[in-house]
2 protein chains.
Amino acid sequence: MTYHHGDLRRVLLDTALGLIAERGPNAVSLRDLARAAGVSHAAPAHHFGDKAGLFTAIAVQGQRLLADALAEELDLRRLGATYVRFATEHASHFEIMFRPDLYHRDDPELVAAKARTSDLLRAAIPGDGRDADRRVLAAWSIAHGFATLLRSGNLDHLVGDGDAEAEFAEVAELLDLPGPTPT
Amino acid sequence: MTYHHGDLRRVLLDTALGLIAERGPNAVSLRDLARAAGVSHAAPAHHFGDKAGLFTAIAVQGQRLLADALAEELDLRRLGATYVRFATEHASHFEIMFRPDLYHRDDPELVAAKARTSDLLRAAIPGDGRDADRRVLAAWSIAHGFATLLRSGNLDHLVGDGDAEAEFAEVAELLDLPGPTPT
DNA sequence: ACCCCTTCTTGTCAGTGACAAGATAGCGGC
DNA sequence: GCCGCTATCTTGTCACTGACAAGAAGGGGT
């Protein structure tokens with residue numbers, strides 16, 4: 001229990017997410033993390049190899065969570081809202097996921113998780129020509145842009161506090177996308 | 001010339017932009033910057049006070065450049081393309097501007113520059129009701145999302161190398177926005 | 001000639017990430 | 001019951017970083 005509690009990796013990940021939520025990724029040090037988890041300053045390095053390794057693990061977890069969330073939404077027009085909700089509910093994950101300079105971009109697990117997310121997005125749009133690609137691009141861009149601007153505090157004067165998701169739903173209506181399986 | 005060349009601040013800013021372009025903002029240290037500029041390790045601190053102060057100066061410069069670029073484009077539908085072009089041409093600035101954790105968010109100069117950019121965006125959309133707000137939001141989101149996803153390497157399989165701006169122009173057509181001054 | 005302010009330097013300190021080497025615990029084989 | 005083996009975690013150390021303090025160099029005004 002004391003030396004080998006076997007759960008350290010999970011504890012470290014959870015603790016790291018908490019620290020990131022408080023202070024942002026830049027202000028998190030491996031030593032802070034170790035202190036917060038009550039272990040020695042080199043324990044994190046063993047599990048993640050690197051500081052980038054820690055963030056890689058978080059990015060992988062985030063991609064999987066995002067894919068899971070997207071997989072449950074069938075209506076294309078609501079997919080964007082799901083994306084925005086993910087960005088607010090899993091802010092720490094989202095924060096890391098789109099900062100490739102923080103983690104190991106070519107980690108196999110990460111690449112796989114990312115591919116799954118990307119495939120889900122792609123599959124949500126009917127058709128497979130360049131037009132369909134553009135629709136994927138447009139839908140992803142508007143959702144990602146909204147979520148990112150929101151997180152960086154650039155929309156404070158345009159969007160209220162709790163209703164970000166609802167606000168986005170109305171914004172997304174300006175985008176010309178097909179409804180749910182109109183066949 | 002040697003001791004007081006009076007241009008150090010500008011030189012440091014330019015050098016910093018170069019370093020950021022090479023290695024990203026996280027990998028830039030004040031001491032690297034000082035070395036690259038050929039001055040002592042504390043010289044940057046004098047001009048910018050802080051590491052965050054350096055990034056604040058870059059963010060201010062970026063906001064002004066962006067505002068200038070946007071001010072020259074009258075056609076609303078091309079505003080997004082201008083935004084995307086700015087993000088690729090001034091990648092280092094863009095990178096910093098939307099990382100509030102890196103700089104002093106409440107710097108007066110920064111707030112002013114940001115307000116000018118925001119006003120320009122706002123003024124480009126006719127009307128002033130909630131509908132107009134939503135159009136601003138939609139246009140900004142899709143441009144920002146596209147630019148951000150592009151920069152983070154998430155669109156590599158969807159968008160070619162040099163034609164990002166053209167590709168975005170086509171994507172943006174899916175957005176329902178009024179043409180240039182349809183009065 | 002003097003003062004004063006800005007600009008830049010030298011010196012120093014705690015904190016950080018990475019690495020090396022050692023300690024501890026659990027587990028299978030015999 | 002004991003021996004090794006390996007994964008897990010600790011202790012010790014190093015170069016580097018950001019921040020700060022104190023001082024030197026230059027320039028302008030009077």
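Residue numbers start from 1 in every chain, and the chains themselves are labelled A, B, ... in the order their sequence lines are given, proteins ahead of strands.
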Atom-pair distance ([atom1] on [X]; [atom2] on [N]), nearest Å:
X: A/Asn26; N: D/dG18; atom1: CG; atom2: P; result: 12 Å
X: A/Lys51; N: D/dC16; atom1: NZ; atom2: P; result: 18 Å
X: A/Leu12; N: C/dG17; atom1: CG; atom2: P; result: 13 Å
X: A/Arg35; N: D/dT11; atom1: CZ; atom2: C1'; result: 15 Å
X: B/Asp7; N: C/dT6; atom1: CG; atom2: P; result: 19 Å
X: A/Leu33; N: D/dT10; atom1: CG; atom2: P; result: 12 Å
X: A/Phe48; N: D/dA7; atom1: CZ; atom2: P; result: 17 Å
X: B/Arg31; N: C/dG15; atom1: CZ; atom2: P; result: 16 Å

So which nucleotide from [options] ends up closest to the side chain of [X]?
X: A/His41; options: C/dA18, D/dA21, D/dC9; answer: C/dA18
X: B/Ser29; options: D/dG18, C/dA20, C/dC8; answer: D/dG18
X: B/Asp32; options: D/dT10, D/dT17, C/dT16; answer: D/dT17

Looking at every strand, decide which applies to B/His47 at a 4.0 Å heavy-atom threshold: base, sugar-phosphate, or nothing.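 Sugar-phosphate: the residue B/His47, judged by heavy atoms under 4.0 Å, touches backbone atoms but no base.
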When we call it a touch if two heavy atoms are under 4.0 Å apart, what does A/Ala45 touch: a base, just sugar-phosphate, or nothing?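 Touches nothing.
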Candidate pair B/Asp156 and A/Arg105, rule salt bridge (Lys or Arg N to Asp or Glu O under 4.0 Å), full reasoning: CA-CA 13 Å; B/Asp156 294 349; A/Arg105 222 167 310 211; over 6 Å; no
So does B/Asp32 pair up with B/Arg35, basic N to acidic O under 4.0 Å?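 So B/Asp32 pairs with B/Arg35 through a salt bridge.
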Can you check whether B/Lys114 reaches A/Asn154 side chain to side chain, under 4.5 Å on heavy atoms?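 Contact flag for B/Lys114/A/Asn154 side chains = yes.
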Mind checking whether A/Leu137 and A/Asp133 have side chains closer than 4.5 Å, heavy atoms only?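 Result no, sub-4.5 Å side-chain heavy-atom pair not found.
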What is the ring orientation for B/His144 with B/Tyr83, classed by angle as parallel under 30°, tilted 30 to 60°, or perpendicular over 60°?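 Plane angle over 60°, so perpendicular.
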Can you see if the side chain of A/Ser40 gets near the phosphate of D/dT11 - specifically, an N or O under 4.0 Å from OP1 or OP2?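 So the side-chain polar atoms of A/Ser40 never come under 4.0 Å of the phosphate oxygens OP1 or OP2 of D/dT11.
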Would you say D/dC9 has OP1 or OP2 under 4.0 Å from some side-chain N or O of A/His46?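 Checking D/dC9 against A/His46, no side-chain N or O comes under 4.0 Å of OP1 or OP2.
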